[in-house]
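Take a look at the structure below.
Predicted model, so just to flag it, every value in this text is computed and none were measured. FYI, the numbering just counts along the sequence from 1.
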Amino acid sequence: MEQDLHETSNDVIETKTRIEQEDGKLVFAVNGERFEDPTVEPSTTLLEFLRYQTRFKSVKLGCGEGGCGACVVLLSKYNPVVKKVESFTVSSCLTLLCSVNGCSITTSEGLGNSKDGFHPIHQRFSGFHASQCGFCTPGFCMSLYSALTNAKKTDRPEPQAGLSKLTVSEAERAVAGNLCRCTGYRPIADACKSFAADVDMEDLGINCFWKKGEPVDVKLTRLPPYNPSDQMCMHPDFFNKTRILNSKTYSWRSPVTVQELVSVLNSSVKDSAKVKVVVGNTATGYYKDMEHYESYIDLRSIPELSMIEKDQTGLVIGAAVTISDLILKLRDEKDVLSHLCSDDMMMFHQIANHMEKVASGFIRNSASIGGNLVMAQRNSFPSDIATVLLAAGSNVSIVSEEEQTQITLEEFLMSPPLDYRSLLLSVKIPFWGVKRDGKSNGSDPKLLFQTYRAAPRPIGNALPYLNAAFWAHVSVCKIGVIVNDVRLVFGAFGTKHAVRAYKVENYLRGTELSVSVLHEAVKLVRGAVVPEDGTSYPSYRSSLAVSFLFEFFHPFINVPYPILDGSCESITSPFLEISHKSGSDRYVKSSILSSSKQVIESGNLYYPVGEPMPKFGASLQASGEAVYVDDLPSPPDCLYGSFIYSKRSLSRIRSVSFKSGSYPEGVTAVMTFKDIPAEGENVGSYTSFGDEQLFSDELTRYAGERIAVVVAKTQKCADMAANMALIDYDYDNLEPPVLTVEEAVERSSFFETPPFMTPKPVGDFSKGMAEADHKILSAKLELGSQYYFYMETQTALAVPDEDNCMVVYSSIQNPEFGQVVIARCLGIPEHNVRVITRRVGGGFGGKALKAMPTATACALAAHNLHQPVRMYLNRKTDMIMAGGRHPMKITYSVGFKSSGKITALNLDILIDAGISVDISPILPSLLLGSFKKYDWGALSFNIKLCKTNNISRSAMRGPGEVQGSYIAEAIIEQVASTLHMEPDSVRNNNLHTFESLNRFYADSAGVNVEYTLPVIWDKLASSSRFFERIQMIKRFNQHNKFTKRGISRVPIVTEVSLRPSPGKVSILWDGSVVVEVGGIELGQGLWTKVKQMTAYALSSIQCDGMRDLVEKVRVVQADTLSLVQGGLTAGSTTSESSCEAVRLCCNILVERLAPLKKQIQEQLGQVKWENLILQANLTSVNLAASSYYVPDGSSIRYLNYGAAVGEVEINVLTGETKILQADIIYDCGQSMNPAVDLGQIEGGFVQGIGFFMLEEYLTDSNGMVITDSTWTYKIPTIDTIPKHFNVEIINSGHHQKRILSSKASGEPPLLLAASIHCATRAAIKEARKQVNSWSNSSGEMELDFQLEVPATMPIVKTLCGLDNVDKYLESLLMDKAK
């Protein structure tokens, strides 16, 4: 990343390249079209231009930080030095429009579209089922396209037809920086790998191109054809020159010499003008720079700042060189690496490898080396690059008022922050290796260089907890390894900048490496790496420093004595081994994912229901043509809104103002609760349990509460104004806020659960406890929250209509309730409010109630101002206001037999519901619905909904169910630990019989044949080779000290409920069909299943030519004035209910058409569908039918079953957890669409991995969310999912009370991710055993422990022992002493 960079260069170098200066003309191309913009504001980003001033909407705003990839485009520009066009991805949300002067931009629409034909990338994403909500898909497509474009330019052999020069590893890594919340990534990886030259076609997952068992050569021919020579014209001929933009119109300067740059800066300082110096503007993603600048200075036109040159002593890197360009140069054996000794080649290779883990590719492509270093120096940015270059002994060149100086990088970092007249010119990495002629002898020094980082994501796109880089010269002799010189650098651990551990260096210098030396060095490191106060996980970060030092030197304390020949070759160390491969093969990386298996069964009984058809509209989503709310064109005079929210948990609001005393430029109005019409209500959302206010009144009750909405001429103006708002708080005579569930209990602050929703206990708890051989009393668990992280944040557009009406386009899961809230707020009848929802860019429950305030605020502003108003919440605001999953604290007491059979269990659960009731009253029943998956003997409970001064929690995928299922597993693990039994045995002993299932689930259990969990449980053990792998893991753990593996098998039983749902089916003149349903398309494939059901139900008329009727069916957007009682899309069953509503409609239509069909058949024999419909129109048959499906009492609830095996490997030294394999078997009944259900299973499971392993949704002492960006909140990425990901969907037979025997798939699979958490616990247990073997009895760690959720790296490492290195070394010293 890079900052508003102030850099300059060395003496002016005369350039031979012709550069054309353009005054006052910004010229560029988008998808081959020329654009000229004479009036652009220089802070305008490329994304803002594309979305607001062109028709190209595939570029999505996901985060505004460069952290998600939704806005990725391909930028192509002419390089006059090599006389070629260079193409690379950039994050358009950070790229300034003026910086693309003379460039060509390609978006996903530019690759292909519905009119001109989709690109093979679009087709393969669709065919591999790699798009669900689709909001992120265009960004993935562009990342892949860039990789294909650049692979084409390599000198690799030509691939087979239909493939590219891309490798599997490159295909996976091309999209490693892109985020997806829906799919689980596996199908995305398959779509990308299908282009790779080295792909094993057998490894590619389920798709719509070939059938199982077809030969590989046939499979290749069935893929949508890809021809690299068909690349579109990305760079029009009129750009084949370098354009320099210098214009007072734009306040944009592009100096071409260092002197000119210094002159421009000095004059700006004299004029007191605020200047921003830029290269890629990527620092804005981190520092959220919202200041106004009088002038922008672009450094990229100064040749020497973008040069990389080699002299006799080192490599000089211009400050404006991008990170990606430097990586390429550091691996260029024909240029930079030529004639270097192996030591220097090794060091440059290590630096390049580390830099590939900085940010993501589309950020590295524009972020500069100098910018990164200036951020570290001026703003204490936790830079990896500063750490690595400091260890390499780098120097920097600085110019200040035309005086140039050379200083070390360390001196630069320790200097006062650069002022705006001092500029970083270049960085120099010195050569350290010694060229040797002939064979080296044992006394020759050898260069060791290694870098380290511990971060939540293995291959980048995450800031590190700690980074380090170590440089050493060692000599090898017969007595061992001697450290001649050493540099040890640590960074990103809560200090202002990277630092050298001088005390450790001084101690090691000149010493012979041994256990005692390393032990003493470890102690010194722990004292040297001390995070500043306020740094998260300080002890963990210090422990990491010890681990890294240990990893670096440990191989050398095992050198045999005496060394046979005294040569370096006798040392088996990764740091001394340099690959002898040549060319690019040296840098070939292994693939991120391995082969995966998907087993599905499609059925023909209800054709086309049961077919694994691609998701409807997937190609449109990939090309970017699918329309989301923010893609709708803004109506004339449209205004934009942004929320002002409270940063205090409980206080009075005295006033809301701005520094200037008046509205900032561009602001039209600021509306509070006082601006709600007199006849309206201050309501922002509601359920049958209660309301939530739209705005706080005089009292704000929680941090993140909406106080006002700013309405301005642009979204940027609105966001900036909201950010600048000053809120005057008053705390006088107010009680302290209730911020914890314990405080809620003390003050009796609760919400009530309605009696009819209160779950009932099972059995006699006292009797069960009396029968127990063992008891665990008052054990405690704690579970935190989770943020939805839908890719599309909350958004709405409100347009005033005639007769006091309002049309609202909202990304919402419950348009019906949104309509009610808006009508109540405005004080108008509901028929005056029309809410329209076409599709939602990810919901997971967060677009149900939490979407209503955004839509209502837009409607209120539009109503009051008589103008259209739209809002698109920035990611930070969305994260602060989202609420998310319910946190809870659990206390339990359990009794059990010596066999592991549990006899009784009592739960006391305190749920933090937040300030308003939301959907919290349903949590107890949902939680217990999944918790009762085991036979607990007797079960009693006391669940309290605590009302606190925190933001209200809401439904999130599997609300309550995720927590309930996990609590059950945690208790099972605790019982097993107490009895010294394997958890799997305890699980086996407590699985339900059908009799006990009926006792716990009563009416939901169904009939015996439907209880498939025992079959699934046994089948999974066989298909996953569970017991065989247990033995393999035991052997692995016996032979590996610092990596441990664990495995776990986990079942789920979840209870789901069907809800009423409306439907409407209309047949048009040409036989095409239009369908409306109450359910909303969130990415779960609801529309696809509805299309299939419509075709199946209508085909019962049995006309000729109906085989492809599904292609004639279109499902249209939800409209609250067209189809009423739409209800809430949630709970996994809306697809089923919508399908049944449609089937009822079709049955009505078939009944109407049957007499006419019989009449025509008698006359003509054959009856074609189109002819039947034509005659129906001519004879006035009603071809529109509506229905309202209401499930009967016997079928309203049912149980879902599944099981998963998770296997992980943990690094005992760092706490990193790798998910090696996941095996899932899930019962979908008779799946309506196995491909769609498979996507739901995989996506839900990976979202569960996020909850259990990665995602920390944290708040401060006021209850304000502090993990409020892609920088601090980490959802799973392609490198954190299971390496082997195997899923089998079983069709469990016919269930008469189910809708076509189908079962839900959206939420239950998320619960299966607890298997990964339990496997991690097993691995940690093995690590603790290992550490105990190094300890004396007084220092042993308990084998009975709780693993927190999420089990992040610091948590895992802490449980493995923050001092495990010390204990290991001490054990070696003790052994030596013996």
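- At a threshold of 4.0 Å, the pair Glu158-Lys165 counts as salt-bridged, since one of the basic side-chain nitrogens sits closer than that to a carboxylate oxygen.
- Under 4.0 Å is where a charged nitrogen must lie from a carboxylate oxygen, and between Asp630 and Arg51 at least one such pair does.
- The environment of Gln160 atom CD is sparse: at most 12 non-hydrogen atoms of other residues, nucleotides or ligands sit within 6.0 angstrom.
- Under 4.0 Å is where a charged nitrogen must lie from a carboxylate oxygen, and between Lys334 and Asp332 no such pair does.
- A distance of 14.0 Å separates NE2 in His354 from NE2 in His349, rounded to the nearest 0.5 Å.
- At a threshold of 4.5 Å between non-hydrogen side-chain atoms, the residues Tyr226 and Ile121 do not count as touching.
- Taking CD1 of Ile317 as the start and OG of Ser306 as the end, the distance is 12.5 Å to the nearest 0.5 Å.
- Ring pair Phe35/Phe49: centre-to-centre distance below 6.0 Å.
- Judged by distance alone, with hydrogens and angles left aside, the side-chain atoms of Asn372 form no donor-acceptor pair with the main-chain N or O of Ala367 at under 3.5 Å.
- A donor-acceptor pair is defined here as one N or O able to donate and one able to accept, closer than 3.5 Å; such a pair exists between the side chain of Glu109 and the backbone of Ser58.
- The only option from Leu97, Leu94, Leu96, Asn281 that meets the side chain to side chain contact (heavy atoms under 4.5 Å, CB included) definition with Leu46 turns out to be Leu97.
- No salt bridge links Glu214 with Lys212; every basic N to acidic carboxylate O contact stays at or beyond 4.0 Å.
- A cation-pi arrangement is not found for Arg838 relative to Tyr628, the charged atom failing to lie both closer than 6.0 Å to the ring centre and inside a 45° cone about the ring normal.
- Using a 4.5 Å cut-off on side-chain heavy atoms (C-beta onward), Phe128 and Leu223 make contact.
- Salt bridge Lys329/Asp335: present, at least one basic N to carboxylate O contact under 4.0 Å.
- Between Arg300 and Ser254 the shortest side-chain heavy-atom distance does not fall below 4.5 Å.
- Of the candidates Arg55, Lys60, Lys57, Lys60 is the only one forming a salt bridge (charged side-chain N to carboxylate O under 4.0 Å, His left out) with Asp631.
- Between the CD atom of Glu202 and the OG atom of Ser595 there is a distance of 10.5 Å, given to the nearest 0.5 Å.
- Ion pairing between Lys615 and Glu1081 holds under the 4.0 Å rule for side-chain N and carboxylate O.
- Side-chain atoms of Arg124 come within 3.5 Å of backbone N or O of Ser194 as a donor-acceptor pair.
- Residue Arg222 holds its CZ atom at 11.5 Å from CG of Leu220, rounded to the nearest 0.5 Å.
- Ion pair Glu170/Arg156 flagged as a salt bridge, since at least one NZ, NE, NH1 or NH2 atom sits closer than 4.0 Å to an Asp/Glu carboxylate oxygen.
- A donor-acceptor contact under 3.5 angstrom links the side chains of Thr137 and Ser131, judged on distance only.
- By the 4.0 Å N-to-carboxylate-O rule, Glu1242 lies close enough to Arg186 to be salt-bridged with it.
- In this structure, Arg364 contributes its side chain and Thr322 its backbone to no donor-acceptor pair below 3.5 Å.
- No side-chain N or O of Ser596 forms a donor-acceptor pair with one of Asp203 less than 3.5 Å apart.
- Of the possible polar contacts, one joining the Thr95 side chain to the Ser91 backbone as a donor-acceptor pair under 3.5 Å is found.
- In this structure, Asn79 contributes its side chain and Glu86 its backbone to no donor-acceptor pair below 3.5 Å.
- Lys84 NZ: 12 or fewer foreign heavy atoms inside a 6.0 Å radius.
- With a 4.5 Å cut-off on side-chain heavy atoms, Leu75 and Thr89 do not count as touching.
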**Item:** Pair Ile1278-Ile592, side-chain contact (heavy atoms from CB on, under 4.5 Å): steps then yes or no
**Value:** CA-CA 8 Å; Ile1278 196 172; Ile592 299 171; 4.2 Å; yes
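- Within the 3.5 Å criterion, the main-chain N or O of Pro228 finds a donor-acceptor partner in the side chain of Lys152.
- Two residues are said to be in side-chain contact when any heavy atoms from C-beta on lie closer than 4.5 Å; Met142 and Phe362 fail this criterion.
- In this structure, Asn150 CG and Ser164 OG are separated by 11.5 Å, a value rounded to the nearest 0.5 Å.
- Here the side chain of Asn1233 pairs a donor or acceptor atom with the backbone of Val1236 at under 3.5 angstrom.
- Enclosure of atom NZ in Lys597 is not indicated, since only 12 or fewer non-hydrogen atoms of other residues, nucleotides or ligands lie within 6.0 angstrom.
- Asn365 and Ser324 share a donor-acceptor pair across their side chains, judged by distance under 3.5 Å alone.
- Between Arg331 and Glu356 there is a salt bridge, since at least one side-chain N of the basic residue sits less than 4.0 Å from a carboxylate O of the acidic one.
- Looking only at side-chain heavy atoms (C-beta outward), Cys180 and Ile188 come within less than 4.5 Å of each other.
- For Ser623 (side chain) and Asn113 (main-chain N/O), no donor-acceptor pair under 3.5 Å exists by modelled atom type.
- Contact of the Phe140 side chain with the Thr183 side chain is not registered, since no non-hydrogen atoms from C-beta on lie closer than 4.5 Å.
- Within the 3.5 Å criterion, the main-chain N or O of Ile459 finds a donor-acceptor partner in the side chain of Asp1279.
- Note that the CZ atom of Arg173 and the OG atom of Ser143 stand 14.5 Å from one another [nearest 0.5 Å].
- Side-chain contact between Cys98 and Asp298 is absent, with no heavy-atom pair separated by less than 4.5 Å.
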**Message:** Checking Cys93 against Thr45 for the side-chain contact (heavy atoms from CB on, under 4.5 Å) test, could you report, in this order, the C-alpha distance in whole Å, the side-chain angles of both residues, the deciding distance, and whether it holds?
**Reply:** CA-CA 6 Å; Cys93 70; Thr45 64; 5.7 Å; no
